[in-house]
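Atom set for the values below is all heavy atoms of this structure, side chains included, hydrogens, waters and symmetry mates excluded.
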Amino acid sequence: DAQREVYARVLDSPDYVALRNMHKRPCYMCGNEDECYSKCCKLDMDGVLARHHHPDGEACKWCPSCIGMPAMSFLLKVCNHLEMLKPDPDEPMKPGQRAKQQDF
């Protein structure tokens with residue numbers, strides 16, 4: 001079923017991998033046993049959520065927690081119905097916002 005495939009793809013994306021593994025020890029990125037994620041291992045900017053929340057390409061001091069709520073909101077839309085992922089054509093948007101929504 002398409003909804004399950006989309007859900008699996010979303011969970012395998014760089015944003016969700018970072019969120020899932022941010023508290024694992026040793027660090028899944030560098031292998032350090034200490035709490036290093038915020039110190040040496042930054043959020044992968046290949047993820048769609050990461051790019052939209054960090055347009056300058058620089059991770060913030062809260063990464064990857066900063067994308068936690070938008071990530072949950074997106075998963076809820078996937079779980080409820082795939083049509084919820086489509087941008088509303090009648091909704092007024094700022095320039096460039098429609099393109100951001102279509103990235104998803």
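Applying the salt bridge (charged side-chain N to carboxylate O under 4.0 Å, His left out) test to every pair with at least one member in residues 4-14, sequence neighbours left out, gives these pairs: D1-R4.
Contact of the R20 side chain with the L11 side chain is registered, since non-hydrogen atoms from C-beta on lie closer than 4.5 Å.
Among residues two or more places apart in sequence or in another chain, the salt bridge (Lys or Arg N to Asp or Glu O under 4.0 Å) test is passed with D46 by none.
Remark: H52 NE2 to I67 CD1 distance equals 11.5 Å, nearest 0.5 Å.
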N/O donor to acceptor pairs below 3.5 angstrom from side-chain atoms of residues 68-81, sequence neighbours left out:
residue	atom	partner	partner atom	Å
N80	ND2	L76	O	3.0
H81	ND1	E83	N	3.0

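Residue C66 comes nearest to C60 through the heavy atom pair SG-SG, 3.7 Å, listed as atom of the first residue, atom of the second, then distance.
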